[in-house]
S.K.: 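This structure is in structure tokens; I'll ask about it shortly.
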Amino acid sequence: MNADDYYGADAFRLLFEHLESSAEHALVGYTLRETMSEHGGVSRAIAELDAQAYLSRLTEVADIAGRGSIHTGRTIPARS
């Protein structure tokens, strides 16, 4: 685990509690602004959910940087 990837004990607790009582997969997600760095661009996976709140797509984006409410990055093409 990298220092910039540590999002707190609550995430691990929530995931543990879910997996302890369910056979369904789980993903702990964060809003982009909560995971940005003041020290340069970051790489993140953008999660999209379907109407039933199930994961429908992950898009990998690199070099995400922001100014105010505007963020830019470079989409990494999916491997076939």
S.K.: Do the side chains of F16 and L14 get nearer than 4.5 Å, heavy atoms only?
M.R.: no
S.K.: Just list the side-chain donor-acceptor pairs under 3.5 Å for residues 65-74, sequence neighbours left out, or say none.
M.R.:
unit_1 : atom_1 : unit_2 : atom_2 : d
R74    : NE     : D63    : OD2    : 3.3
R74    : NH2    : D63    : OD2    : 3.0

S.K.: Indicate if L55 and I46 have the same hydrophobic cluster label, given that clusters are the connected sets of ILVMFWY residues with side-chain heavy-atom separations under 4.5 angstrom.
M.R.: no
S.K.: Rounded to the nearest 0.5 Å, how far apart are CZ of R57 and CG of L49?
M.R.: 12.0 Å
S.K.: Checking the side chain of T75 only, and the main-chain atoms of V61 only, is there a donor and an acceptor separated by less than 3.5 Å?
M.R.: no
S.K.: With sequence neighbours left out, what residues match E17 under side chain to side chain donor-acceptor pair (under 3.5 Å)?
M.R.: R13
S.K.: Could you pull out the closest heavy-atom pair between I64 and M36, with the gap in Å?
M.R.: O-CE, 3.5 Å
S.K.: Set out, in order, the CA-CA distance, both residues' side-chain angles and the distance that settles side-chain contact (heavy atoms from CB on, under 4.5 Å) for E24 and Y54, then state yes or no.
M.R.: CA-CA 10 Å; E24 291 198 15; Y54 284 97; 3.3 Å; yes
S.K.: Check whether T35 reaches the backbone of L32 with its side chain - one donor and one acceptor, N or O, closer than 3.5 Å.
M.R.: yes
S.K.: With clusters defined by side-chain heavy atoms of hydrophobic residues (ILVMFWY) lying less than 4.5 Å apart, directly or transitively, does L15 cluster with Y30?
M.R.: yes
